[in-house]
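One structure below.
Treat the numbers as computed from the prediction; the structure is a model and nothing was measured. Computed from heavy atoms alone, side chains included, the values below leave out hydrogens, waters and symmetry copies. Chain letters run A, B, ... following the sequence lines, proteins first and then strands; every chain starts at 1.
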Amino acid sequence: RDQVQVAGSSTVLPYASIVAEAFGENFDFPTPVVESGGSSAGLKRFCEGVGENTIDVANASRKIKDKEIKACAEAGVTDIIEVRIGYDGIVFASDINGSGFEYTPTDWFLALSNEILVDGKMVANPNKTWADVNANFPAQALQAFIPGTKHGTREVFEDKVILAGCEATGAFDVLLAAAEGATDKAKHKAAEKACISLRTDGVSVDIDGDYTETLARIESNKDGIGVFGLAFYENNTDKLQVATMSGIVPSTESIATGEYPVSRPLFFYVKKAHIGVIPGLKEYAEFFIADEIAGEDGPLAEYGLVSDPELADTQTAVADEAVLGSNM
Amino acid sequence: MPLSWLVLLVLALATAGYFVGRIRVLKLAGGDVRALHSLPIYYGTNVALSTAVPALVVVMVWLLVQPTLIERSVSGMIAPEMIPEGSNLNLVMSDVRRVADGLNTAIAGGAMSLAEVEAMDATVVDVRARLGELGVALGQNVRPEVLAAAKSYRSAAVTGNTLRTLIVLALAVVGFGISFSKTKPDYRARNVVERAVLALLMAAASLAILTTVGIVLSMLFETINFFGLHNWRDFFFGTTWAPNFRGDSELSILPLLWGTLYISFIALLVAVPIGLFAAIYLSEYAGPKTRAIAKPLLEILAGIPTIVYGLFALLTVGPLLVNMFGQSGSLGLGWMSGATSVLTAGIVMGIMLIPFVSSLSDDIINAVPQTMRDGSLGLGATPSETIRQVVIPAALPGIVGAILLAASRAIGETMIVVMGAGAIAKFSANPFESMTTITTRIVSQLTGDGDFASPETLVAFALGLSLFVLTLGLNVLALYIVRKYREQYE
Amino acid sequence: MTDATQNTGAVAPKSSLHTLDARTKRRNAAESRFKFYGMVAIGIGLLMLVTLLTTILSKGTGAFTQTFVTMEVELLETKLDKTGARDLEKIKKVTTFGYAPLIKTAFEKTVEAHGIETDLKSKAMAKILSKSAASQLRNYVIANPDQIGQTIEFRFLANSRVDGYMKGRVTRDSIANDKNITPAQLDFVDQLIAVGALKKTFNIDFIIGADASDQRPEAAGIGVAMMGSLFMMLVVLALALPIGVAASIYLEEFAPKNWITDIIEVNISNLAAVPSIVFGILGLAVFINYMHLPQSAPLVGGLVLTLMTLPTIIISTRAALKAVPPSIRDAALGVGASKMQAVFHHVLPLAAPGILTGTIIGLAQALGETAPLLLIGMIGFIASNMPETVGEGLLSPNSAMPAQIYEWAKRADPAFYERAWGGIIILLIFLISMNTLAVLLRRRFERRW
Amino acid sequence: MYDTEKLATDVNQTETKISARNVQVYYGDTHAIKDVNVDIDAKAVTAFIGPSGCGKSTFLRCINRMNDTIDVCRVEGDIKIDGEDIYDKRVDPVQLRAKVGMVFQKPNPFPKSIYDNIAYGPRIHGLAKNKADLDEIVEKSLRRGAIWNEVKDRLHAPGTGLSGGQQQRLCIARAVATEPEVLLMDEPCSALDPIATAQVEELIDELRDQYSVVIVTHSMQQAARVSQKTAFFHLGNLVEYGDTSQIFTTPQDERTESYITGRIG
Amino acid sequence: MYDTEKLATDVNQTETKISARNVQVYYGDTHAIKDVNVDIDAKAVTAFIGPSGCGKSTFLRCINRMNDTIDVCRVEGDIKIDGEDIYDKRVDPVQLRAKVGMVFQKPNPFPKSIYDNIAYGPRIHGLAKNKADLDEIVEKSLRRGAIWNEVKDRLHAPGTGLSGGQQQRLCIARAVATEPEVLLMDEPCSALDPIATAQVEELIDELRDQYSVVIVTHSMQQAARVSQKTAFFHLGNLVEYGDTSQIFTTPQDERTESYITGRIG
Ligand SMILES: Nc1ncnc2c1ncn2[C@@H]1O[C@H](COP(=O)(O)OP(=O)(O)OP(=O)(O)O)[C@@H](O)[C@H]1O
Ligand SMILES: Nc1ncnc2c1ncn2[C@@H]1O[C@H](COP(=O)(O)OP(=O)(O)OP(=O)(O)O)[C@@H](O)[C@H]1O
Ligand SMILES: [Mg+2]
Ligand SMILES: [Mg+2]
Ligand SMILES: O=P([O-])([O-])[O-]
């Protein structure tokens, strides 16, 4: 095998492909193969063992889990280099010709949660239009296209929007008080679970496909509001208008500074044992996070990646081949 | 000798054997074919098979075994302490192989002589640079022990290959010789060749069993893991499907099963009548020209990528249905709220499945002998009566096969369901609601973002295996029904 | 035995053939209804086909043309080879980023030469080009180091927004929030069109080229993926057809009818119902992890698809074999043919239409399948070169048409969406040519007895 | 077992049932029936004789338009039944065939049970009011086909599992079950033993009380026994047609004579 | 046209070719052949007669193991050809069938050209050295099948497009083409006119110079004309077997006599 073999997250895929293409053009090594298939599947293959018939790099739109590190170690994949490449912004957008929105997490909680707090009691969500949710909004039917449960974005959406809304409306406290459980922790968990259980009457539609599917749904139902990646939105500004969250317009800058709350870090993981064995592996890893690629003016940022303010640290870590567990 | 040459040589020998066998037996029979037990081609084929088959089998076994053997002997040269931190023997060995390959390339290309290679010393020469010049990319500088191992790897491989060449050629020649000497007019060459062919046919049939074993094995392990993490009662008898990143998800197969059956049922409701009527029209009513054109056209439907159908469901059929059955729809019924529904996916999937039913059934119906039709028409039956009561029953096993194939495809379809039916698992009899299927859940849990050792991901395997068992049951049922109603014409 | 009854005459009163009795009328109505259903069924099928095809064509034809900008670029020695030694290693050190200034300069020169008046900075002008322009230049320089210092005419791809503008997908209104292009740049594009430097032409690279990254939809082609599909189909055809037919012959003609063959039979129908992704799981486990075949290789893809296609071929072949009347077998056996000869000489040719139908449908499915490819690494960004040998075609990483289409359809830039549909057109052309062969062959074997 | 007296008395007092004028049949380029003119009597048995391949089956199949099912087959000329042109556009071949039943040369039972083979015709023509009625029709037809005794215990066994001669009788019974006005029988006794043949001939004789029967046969004796009129075909031509007694005693045409005198089978 | 003298002289001087002992045949539960013992002579023609459905075809099909192809059919007992048990494991049914040719009751031409229908057997048995040889075999066989004149201009037309009688003769020609030692003919003349019948009988007569021929027929006359020995079957039993002349003149069994005296067909 001559080429670097990469697999994993479909969120990271566009960035990885931009890098791989440039890498192939500028180095004598062949263009790396970047497979998609999801973070989980990528890490799974990554942890299958070391050797030429396994992949060298796993892309992930989340941090590798402890359980996975353990599974890796059992298969002989011990030294893993973790590389954070930047952040993925998550935005809410609706049809370009429809009305615009300025959301707070509370709005989303009130719109989608299975039960909401009314007069101190949790009742089945009665809201039918956005006007029911927030008097400032138009009386547009509620229809949200949110990431399906397979997507990591869903977790971010639940944590940073729904749960935040749940707490803000006070529903969380009510739920916590009512929650059953042996320990505080268990109660907390039960309350969180209740917060994030979404209504199933068709108002909230899980999208298991990609953002293109979300876009297609909005095109066929103009009332719909969808959840997108920032990069996707930026390429489709002719069809979508973005909503603000707590008053902040999402952009690479506002996310990088942390003003815009909904985002998640993106990573890739390198099998240290393959460095030196697979030609070009280390060069690829270094190239990925080089300033001219992943820096603020690099092509990745141009495409929509929120570049990592701590990129320099990452660069040294990669240069030193610092493995997981040694420096974190 | 390179492998391809060896194989070609064996094949050439076999070809020669074919002609020699033919010629010899004819000569022995004094040119009189009638004096032979079998046709000359069988004698030829016998010699060819005896020459090629054992030799090629050995080549195959050799290819599987030699690397393991060499690897084992060479890896002894790499002491454990020489393996760099974090690496393992496996990786070092792949480096060794790469260097050995590089050396071979160098020798083959004439860039280095054998002696030069043998004399090369990694402490003196920069092997990586040297090989780099020859176009062999190495990831790292070559350490002396690796070079040494590579050299012995190379020489072992060369010896092995020589041995392989000799043994294989010897086998081929022996096979040739034995079968040649057996080639006499009263030798039952046909029987021998036919037995060999039968063995091949059996091997082909048993591949299906192997595949099944493979499928079960490749999923069983993870399924067991899943049931170690998740309650099996909840999986089989629970009523909710709600995976969750926080853990303790409810993962029950039942709502998915319901969706699977419901959507497949609607798909078949569309595909079977349309497909069957299309088949009937094509084979019984349409002229040869119409048939020659319409049938291949319909077959294109089976080849349009499912993503197109998915988009078609999402953008065309879904909104159309909403326009009819939705709140402000033309029928004013308000039954349907979103474009995605069981009905949307079912209809679109049904369209995709039309050719599965139509083309296969058409062939089978066409194969029913004309005398059957004549018999019925002669009694004053209309063509449609003939078709319904004589032709279709006679063609039933094939038609059921076609329908089963369509059903199978419906069960296995993902894209159309994802885009057309939505991703919500629920129990509902309302075809205007979103639902989802086992297959789509397998795909999405497998390609999702969850922890790969978590029940949310592993459930994919349990779903796959359960579906496997389930369809097995359905197939047994179908077999039983076909057996019962089969009509055999003469 | 003469139990003729007297009422026979009463049952059949003499009636004119020219007037239909009520029952016949009813039956004829049923007959016409039946026939009508048949026509409706075909009609529905064909209508759907036409709908789908027109959708595909209307959305995809755009992918076959592309916008190019022609201009002269001076290959500045100061930028590319400061030492002037023409040392290839040194020249290679200049990355594509290092070529950006050449393009900017070239734009300035072009504007000057054509007398175009614009307020745009050269950087903004250069943005109308594809990001592939720099690599195109670099490749040229590395291939012809002796040309450094010369001024050479190049034809660069325009970027996807400009191309969209040429195709009407992008308008001044639609780019209001787009940070990738400005109205001023579109004005500049109009000026370039006026002087003939920017043109939309047929784009052969789409048909023969390889995938490009998300930032360069204009450079992406489906050719390499098509080769991937071609090699996979070759594997499938070479394995699935003979194995499938062989297995069917064994099961239908030779196997003793007992519970073992029943198990095999049920098993095969059951394999047809196994979701395709499961075959991917199997392929990953068996071919890659166990047999150590290379990842992302069409060979592995072909093997997986073979396993997936086999049940389809076997089921249709068995049905076709079953439909051959036993009297044909009797006739052959009766003249002293062996069972094997009877099957291969008589039964198989008569079953050929059904076998070919199974092959058509099986291959169509295999050609359009994506899910199993996901697990063996054939979906993603795989921008290989055109394979040069058969071995390379089978073993070096590649994608497949449906995988490529699926990938494009997911990508953010709408230009990819157009390419996805264009890819579907190519896939269908591929499919139709494959089918045509089989259909012609099938026609030769069709007969009624 | 069959009454020879009828033979003499019935002749000449019958009306024409079927009349064919200038009938030509082509299989592709082969001219299989050449300009045949014939009038077939009602309530009589007509025998078609002639050497193998001379076009007997072809002409017979024209009478109930079974030739329509052969793609390459083209029929020209007029065939009238009861004065009505059967190739007229208004004629429904289905109604025609209900009226003109046929027993084919090669027995072709349906791959169904014996019972269903017989019940098929009556069912589609609605001849039975109920199950009992149908049972009766089936039994009666099988009896007329001289096969009842052999199959009465296995009515639900498949018709294709019968012996050659049994299949032939099954097909006769099947044709009779629909009570056609005209019955075309293409060598109905070819696979039958003498006793069964006699029974079928008896049936034929009985049928002609009410219907027209056309029978193709190679047995001159059979033609002489059962038919009132005989038509001799040769190489697609209708060479001679007339009263059976006359044809067999004083043939007009040389070819007829030489065919008849080779009287063997 | 056939020489009756032979009949008298040949009887009694022949050796046994086929011998059957205690043969039982079952179709599922139906007992179709009951305990049949018979010795069939070499270089002689043996006729099987008996009412339809009595088991003639079934027994005939045992002799070349064609019954193997019917799933439900079970054969018990011994059948020996030239002293060798044909149901022995070592016997290759293929070789057996090459030696024991068969003409089926229902003509079953291959859906191929007439030429290929005939040439198929010689091809798989390697009877022709070259194309010219094969052409010769085809012509000779078709001539022996008394069909050459009718098909010589359309050798490449499909065999299924022939008339019933032509198909039957084609199948006879096909069986003869492979030069079998024993020829089993199941009602080979049922669809033939007297002249063609005579030609086929002549062929049979000619064949018995070298081969054994077993023929099933419903025509008592035919049996008397062509055969030296006759076997009478009834309800699955072999009722009587002996010299043809004796069977037809002085039958021993009552059933035989009553069958023969019903002499009609
Ligand atoms: N395939 C079969 N399955 C079941 N029963 C059968 C099958 N073939 C024949 N039989 C039965 O076996 C008996 C003998 O049949 P066979 O065909 O040997 O009769 P046959 O003497 O040849 O009659 P025919 O003169 O009508 O051809 C008959 O009762 C018949 O119904
Ligand atoms: N389907 C067909 N295609 C082409 N030619 C045919 C077809 N059917 C019959 N023929 C030819 O037409 C001629 C008349 O055939 P037909 O079947 O009418 O003969 P027949 O008198 O019934 O003979 P037989 O007594 O042998 O049944 C024959 O030469 C035959 O070869
Ligand atoms: Mg005929
Ligand atoms: Mg019989
Ligand atoms: O593919 P993802 O893991 O980024 O959703």
Fill in: Best-contacting candidate, C:Val266, C:Thr436, C:Ile264, against chain B by heavy atom pairs under 4.5 angstrom
C:Val266
Worksheet item: Does any heavy atom of chain B fall under 4.5 Å from the side chain of C:Leu374, the backbone, both, or neither of them?
Response: side chain
Worksheet, complete the sentence: Here the gap from B:Leu297 atom CG to C:Leu46 atom CG, rounded to the nearest 0.5 Å, amounts to 6.0 Å
Worksheet entry | Atom group of B:Leu477 that falls short of 4.5 Å from chain C, counting heavy atoms | neither
Response to the item:
Assert top hit (heavy-atom pairs under 4.5 Å, partner chain B, pool C:Leu53, C:Ile268, C:Asp262) equals C:Asp262
Worksheet item: Tell me, side chain or backbone of B:Phe468 under 4.5 Å from chain C's heavy atoms, or both, or neither?
Response: both
Item to complete: Against chain B, label C:Gln341 side chain, backbone, both or neither, depending on which of its atoms sit under 4.5 Å from a heavy atom there.
Response: both
Worksheet item: If we only count heavy atoms from C-beta on, is the B:Leu298 to C:Leu49 side-chain gap below 4.5 Å?
Response: no
Worksheet item: Side chain, backbone, both or neither: which part of C:Tyr406 has a non-hydrogen atom closer than 4.5 Å to chain B?
Response: both
Worksheet item: By a 4.5 Å heavy-atom criterion (distance strictly below it), what part of C:Arg442 contacts chain B: side chain, backbone, both, or neither?
Response: side chain
Worksheet item: How far does CD1 of C:Ile42 sit from CD1 of B:Ile280, to the nearest 0.5 angstrom?
Response: 10.5 Å
Practice prompt. Step by step, work out the side chain to side chain contact (heavy atoms under 4.5 Å, CB included) result for C:Thr51 and B:Phe312.
Written response: CA-CA 10 Å; C:Thr51 318; B:Phe312 184 57; 4.0 Å; yes
Worksheet item: Where does C:Ala285 contact chain B at under 4.5 Å (heavy atoms): side chain, backbone, both or neither?
Response: side chain
Worksheet item: Should B:Leu200 and C:Tyr250 count as side-chain neighbours, where that means a heavy-atom distance under 4.5 Å?
Response: no
Item to complete: Could you look at B:Ile215 and say if it's the side chain, the backbone, both or neither that has a heavy atom under 4.5 Å from chain C?
Response: both
Fill in: Contact class of B:Leu405 relative to chain C, heavy atoms under 4.5 angstrom
side chain
Fill in: pair B:Leu311-C:Tyr417: side-chain heavy atoms closer than 4.5 Å
yes
Practice prompt. Taking the side chain as every heavy atom from C-beta outward, state whether C:Val274 and B:Thr212 have any atom pair closer than 4.5 Å.
Written response: no
Worksheet item: Mind checking whether B:Phe277 and C:Val40 have side chains closer than 4.5 Å, heavy atoms only?
Response: no
Worksheet item: With a 4.5 angstrom heavy-atom cut-off, which part of C:Leu356 approaches chain B: side chain, backbone, both or neither?
Response: neither
Discussion item. Using heavy-atom distances under 4.5 Å, tell me whether C:Ile424 contacts chain B through its side chain, its backbone, both, or neither.
Written reply: side chain
Worksheet item: Closest approach of C:Ser269 and B:Ser408, non-hydrogen atoms and distance?
Response: O-OG, 4.0 Å
Worksheet entry | Segment of C:Leu375 engaging chain B (4.5 angstrom heavy-atom cut-off) | side chain
Worksheet entry | Proximity breakdown for B:Ile304 and chain C, heavy-atom pairs closer than 4.5 Å | both
Worksheet item: Where on B:Thr447 is there a heavy atom nearer than 4.5 Å to chain C: the side chain, the backbone, both, or neither?
Response: side chain
Discussion item. Below 4.5 Å, heavy-atom pairs only: which of C:Leu271, C:Leu428, C:Leu307 has the largest tally toward chain B?
Written reply: C:Leu271
Practice prompt. Could you tell me which portion of B:Leu474 (side chain, backbone, both or neither) has an atom closer than 4.5 angstrom to a non-hydrogen atom of chain C?
Written response: neither
Discussion item. Once rounded to the nearest 0.5 Å, what's the spacing between atom CG of B:Leu396 and atom NZ of C:Lys322?
Written reply: 10.0 Å
Practice prompt. Determine whether C:Pro275 and B:Thr414 make a side-chain contact, defined as any pair of heavy atoms from C-beta on separated by less than 4.5 Å.
Written response: no
Worksheet item: Roughly how far apart are B:Ser218 OG and C:Leu282 CG, rounded to 0.5 Å?
Response: 5.0 Å
Worksheet entry | Part of C:Thr55 lying under 4.5 Å from any heavy atom of chain B | neither
Discussion item. Between B:Tyr309 and chain C, with a heavy-atom cut-off of 4.5 Å, which part of the residue counts as in contact: side chain, backbone, both or neither?
Written reply: side chain
Fill in: Heavy-atom side-chain contact between C:Asn435 and B:Pro296 under 4.5 Å
no
Item to complete: Could you pull out the closest heavy-atom pair between B:Gly303 and C:Leu431, with the gap in Å?
Response: CA-CD2, 3.7 Å
Worksheet item: Which answer fits B:Ile307, side chain, backbone, both or neither, if we ask what part of it has an atom under 4.5 Å from a heavy atom of chain C?
Response: side chain
Response to the item:
The interface call for C:Pro353 against chain B, heavy-atom contacts under 4.5 Å, is both
Practice prompt. Among the options C:Ile360, C:Leu367, C:Ile249, pick out the one with the most heavy-atom pairs lying under 4.5 Å from chain B.
Written response: C:Ile360
Discussion item. Can you tell me which portion of B:Leu446 sits under 4.5 Å from chain C's heavy atoms? Options are side chain, backbone, both or neither.
Written reply: side chain
Discussion item. Please classify the contact between B:Leu360 and chain C as side chain, backbone, both or neither, with a heavy-atom cut-off of under 4.5 Å.
Written reply: both
Practice prompt. Examine whether an atom of B:Leu467 lies under 4.5 Å from a heavy atom of chain C, and if so say whether it belongs to the side chain, the backbone or both; otherwise answer neither.
Written response: side chain
Worksheet entry | Least distance between heavy atoms, B:Gly380 atom then C:Arg27 atom | O-NH2, 2.6 Å
Response to the item:
The interface call for C:Thr261 against chain B, heavy-atom contacts under 4.5 Å, is neither
Worksheet item: Considering only heavy atoms, which portion of C:Val286 lies under 4.5 Å from any heavy atom of chain B: side chain, backbone, both, or neither?
Response: neither
Worksheet item: Can you check whether B:Leu207 reaches C:Leu310 side chain to side chain, under 4.5 Å on heavy atoms?
Response: yes
Fill in: Contacting region of C:Leu251 [heavy-atom separation from chain B under 4.5 Å]
side chain
